[in-house]
There are 4 protein chains.
Amino acid sequence: MSLAADRPAQPAPARGRPRSEAVERAIIEGVMKLLEDGVPLADLSIERVARTAGVGKATIYRRWSGKEELFVDVLRTAEPPDPELPGTSMRDDLVVLLETLRRRGLASRSSAIMHNVYVQAKCSPRIWAAYEASVIAPRRALALDVLRRGQRDGELRTDIDVELANDMFVGAMLVRTVLRPDAGLPEGLAEEIVDTLIAGLRPVRPPAQ
Amino acid sequence: MSLAADRPAQPAPARGRPRSEAVERAIIEGVMKLLEDGVPLADLSIERVARTAGVGKATIYRRWSGKEELFVDVLRTAEPPDPELPGTSMRDDLVVLLETLRRRGLASRSSAIMHNVYVQAKCSPRIWAAYEASVIAPRRALALDVLRRGQRDGELRTDIDVELANDMFVGAMLVRTVLRPDAGLPEGLAEEIVDTLIAGLRPVRPPAQ
Amino acid sequence: MSLAADRPAQPAPARGRPRSEAVERAIIEGVMKLLEDGVPLADLSIERVARTAGVGKATIYRRWSGKEELFVDVLRTAEPPDPELPGTSMRDDLVVLLETLRRRGLASRSSAIMHNVYVQAKCSPRIWAAYEASVIAPRRALALDVLRRGQRDGELRTDIDVELANDMFVGAMLVRTVLRPDAGLPEGLAEEIVDTLIAGLRPVRPPAQ
Amino acid sequence: MSLAADRPAQPAPARGRPRSEAVERAIIEGVMKLLEDGVPLADLSIERVARTAGVGKATIYRRWSGKEELFVDVLRTAEPPDPELPGTSMRDDLVVLLETLRRRGLASRSSAIMHNVYVQAKCSPRIWAAYEASVIAPRRALALDVLRRGQRDGELRTDIDVELANDMFVGAMLVRTVLRPDAGLPEGLAEEIVDTLIAGLRPVRPPAQ
DNA sequence: GCCTAACCGAGACGGTACGTCACGTCTTTTA
DNA sequence: TAAAAGACGTGACGTACCGTCTCGGTTAGGC
């Protein structure tokens, strides 16, 4: 669902010429192309996007109310799909979740899209809220579920705040992808983080057999 | 030390009227005042800063090459001083380091300065590098020292990558201050993180005495 | 015809919103108003003209490439229309031509427009060329025609360079309007100049009949 | 006498270091050099003059109150000296006077100094007045004397306004030097103008012998 | 032979205007 | 009615000069 989707849900009689979906795609892909070509985010004006996409400015403003709204949609389009969890254990599920983060970090660096747009989104409280609600929160809920299931199944100490635990898992990977991208994101990083943390977060005594 | 201070260390004959330090302070404090007054970072033009500080635009450009460079100095000025480490144990030192981060997060939210300017700095690789080198790296080196000392003193498993360990400590706090500021930063958070992580990172057996 | 009218004669499909002629008029009249109000020419910035006309700077620069080009159009707009020649004799035609010059001189002084803008235009070779070609040259051609017709009809010595003769007629009036405006431009001046000069320039003997 | 010579006539105790005349010359010649190098007058800023002359801005402002005052002195310095009149006849004197004008016109075109600075001076009423009083008026008085002597000696009709007569002589040359520099200033021009005009301005009957 | 006032270069200072660019809105024509 | 095109008022950009004001460092008299 688009932020720009202030269009009524019930299709409305649809008078006049309908909006072209091709144009919508052309705009979003125009933004991505520019970012991939190394254009700094600050140099990305609506005017330039319109020029690149071969589109009138009004056509953009008809869909998004400004630069930030547009970027949220770009961010969402580029976001990898939610990972499929194996469900074999809390540990395996966490590894898959972190591995998704890791791969996104890799993609960001290689494509130069995510890192900057993400940071830009962070600048605008309104936009960040939209991005948080539609992308981050669901994935976070997923992770919390996994952790709670871990507590129920005896894979995680029950006296631990699962929110804090999640912050630890995510935080370690976040530092690597956002704060210290130069440190690299080696292949086994997700497993290493999960195992290291679990080693300490597991109950001191094994659950009653 | 100022970013703008690329003036040679050996004073150089110092010809012409010297730059006024009062003006320099007025500019930086003008930026802070505006941010504290709730002006969105995007609305902070050089022109407006100049107007607020009662200063000519050229006087700003004489010291900083643009908005970002100026913000790095603002960031640096607002940065709390390096904490004094008790040195009683690795655990206590880490708590103090994380507590500093936590308090900065609190201050940021209350003053509205840090969060936005920090994010803005992150947008520009060049500026981020300057900030990273002059503020982040030293503090990180401090933390790594603490961790290595911990390994030597038997407070931390020796088979652990201290860099990864540091990412975990910092990351957990970072998620709370940057990504989820709404979750709050309760008083005992630093201790909770450190103890929780150490609980698992400590060696299974005490080092041979 | 406007200097700015480098737009092709054949209309070109005329895409996009057309330029507003009202805006064009507002700008030129804004300049005139300022000059009439006694603003020194040196204080006439594009910024001020835009402010006065209630117009964006870009709207001015879209039409004129700078201050001088704009002034040429102001000059042209304020220029009195070409006089209608009686055609009764060379002498009468010349009086009418000079009388036009005299009246322009009077208007210039009273309105404060012409004198300064004219001199300003003179400063820029490029602008002067444009003004010369579109305003001065046609009127000069007219005068040369009158003089040549005078030679043909026996009103002017045939051994005289008509260009030099014209310079004498025009020059006398020019000194009064530009160089010595304080000397005044009394009513009969045009006739006095023409008659005085003709008295000497006529052939000593009437042309052979 | 310099415009800048607001220094009191009675020397005043003259304490402190006296102003350097060498500096004064360097500034004026710096302006001339720039003009000769084809720098447009509009691009001649005080800052640039100071840079060229290797002089502080304050040193210029200490002597002249602004750009225009400086230019008047430049103009005066470049002005050719008053011609020496042969005194053999009004006609010969007038030829010499006009020849001076012609040569100044030639020099202007070749050196590119006079034309622009002259026009610039014309822009500022105050400056023009100073230039008019110190350069033009004396030469004009000289010419009027010559003409009056001509009337007395029977070389000029007595029913003619000598001021108007002078405007005719000067005007014809002025048109050639200022308004139509492309027409050229051929060698015999001064004589041609004087003779052509005199031919008509002389009394119809020769003075009583 | 100092003293000291004014000069000199350099350049910082608060300003104003430059000409360009992007903003978000608006009017055109064309489809 | 949507779409491309582009004009419109607004206002920030970074630069260049304006004329004034410090700076440190000469240069002359007058003591």
Side-chain angles (χ1 to χ4, degrees), chain A residues 13-20 22-23 42-51 53-67, chain B residues 13-20 22-24 42-51 53-63 65-67, chain C residues 13-20 22-24 42-51 53-67, chain D residues 13-20 22-23 43-51 53-67:
Chain A
R15 304 203 306 168
R17 176 171 169 181
R19 290 189 188 165
S20 156
V23 162
D43 293 3
L44 258 195
S45 55
I46 292 281
E47 212 126 279
R48 185 165 184 179
V49 170
R51 234 157 25 224
V55 138
K57 279 199 294 177
T59 303
I60 296 182
Y61 282 110
R62 214 171 279 126
R63 292 171 161 73
W64 296 278
S65 74
K67 207 190 292 197
Chain B
R15 305 201 299 177
R17 176 174 173 177
R19 293 190 187 163
S20 159
V23 163
E24 200 140 343
D43 293 2
L44 258 197
S45 55
I46 292 279
E47 212 128 281
R48 185 166 184 178
V49 170
R51 234 157 23 223
V55 138
K57 275 198 297 175
T59 302
I60 297 183
Y61 283 111
R62 214 173 276 127
R63 293 170 160 74
S65 73
K67 208 188 294 197
Chain C
R15 302 202 302 175
R17 176 173 170 179
R19 292 191 186 160
S20 158
V23 163
E24 200 138 345
D43 293 3
L44 256 196
S45 56
I46 291 280
E47 213 129 276
R48 185 164 183 181
V49 170
R51 233 157 25 223
V55 139
K57 277 199 292 178
T59 300
I60 297 183
Y61 283 110
R62 212 172 280 128
R63 293 170 161 73
W64 299 277
S65 74
K67 208 188 293 198
Chain D
R15 304 205 303 171
R17 174 177 173 179
R19 291 189 189 160
S20 158
V23 163
D43 292 3
L44 258 196
S45 55
I46 292 280
E47 212 126 280
R48 186 166 183 178
V49 169
R51 233 153 31 219
V55 137
K57 278 198 295 176
T59 303
I60 296 183
Y61 282 110
R62 215 173 278 126
R63 291 169 162 74
W64 297 278
S65 73
K67 206 189 294 197

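In what follows, chains are A, B, ... by sequence order, proteins preceding strands, each numbered from 1. Owing to the predicted nature of the structure, the values given are computational and were not obtained by experimental measurement.
In this structure the side chain of C/T59 reaches within 4.5 angstrom of the side chain of C/R62, judged on heavy atoms. Residues C/I46 and C/W64 form no side-chain contact, since every pair of their non-hydrogen atoms from C-beta on lies 4.5 Å or further apart.
Along DNA chain F, the nucleotide nearest to A/G56 and the one nearest to D/R48 differ in position, and the one closer to the 5' end is contacted by A/G56. The 5' end of DNA chain E is approached more closely, in terms of each residue's nearest nucleotide, by D/A53 than by the other of C/D43 and D/A53. Position along DNA chain E of the nearest nucleotide to A/R51 versus C/G66 favours C/G66 as the more 5'-ward residue.
The line from CZ of B/R63 to CZ of B/R19 is 6.0 Å long, rounded to the nearest 0.5 Å.
Following rounding to the nearest Å, A/I60 (CD1) and E/dT25 (P) show an atom-to-atom distance of 13 Å. E/dT25 atom P lies 13 Å from atom CD of A/E47, rounded to whole Å. Between the CZ atom of B/R63 and the P atom of F/dG14 there is a distance of 17 Å, rounded to whole Å.
The two residues B/A50 and B/G56 make their nearest non-hydrogen contact at CB-C, 4.3 Å.
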(request) Go through A/R48 and A/D43 one step at a time and tell me if the side chain to side chain contact (heavy atoms under 4.5 Å, CB included) criterion holds. (result) CA-CA 8 Å; A/R48 185 165 184 179; A/D43 293 3; 4.0 Å; yes
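Scanning for side-chain hydrogen bond (donor to acceptor under 3.5 Å, both in side chains) contacts around C/S20 gives an empty result, with sequence neighbours left out. Partners of D/S45 according to the side-chain hydrogen bond (donor to acceptor under 3.5 Å, both in side chains) rule, which considers only residues two or more places apart in sequence or in another chain, do not exist here.
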Could you run down the sub-3.5 Å N/O contacts of the protein with nucleotides 20-22 of chain F?
| residue | atom | partner | partner atom | Å |
| --- | --- | --- | --- | --- |
| F/dC21 | O2 | B/R17 | NH1 | 2.9 |

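A sub-4.0 Å separation between OP1 or OP2 of E/dC26 and a side-chain N or O of C/R19 is absent. Contact annotation: B/R15 does not reach the phosphate of E/dC8 (side-chain N/O to OP1 or OP2, under 4.0 Å). Phosphate contact (OP1/OP2 of E/dG14, side-chain N/O of B/T59, threshold under 4.0 Å): present.
Among the protein residues, D/G54 comes within range of the sugar-phosphate backbone only, with heavy atoms under 4.0 Å from sugar or phosphate atoms but none that close to a base.
Nearest nucleotide to the side chain of A/S45, out of E/dC23, F/dG9, F/dC18: E/dC23. In this structure, of E/dC18, E/dC23, E/dG14, it is E/dC18 that holds the atom nearest to the side chain of C/I46.
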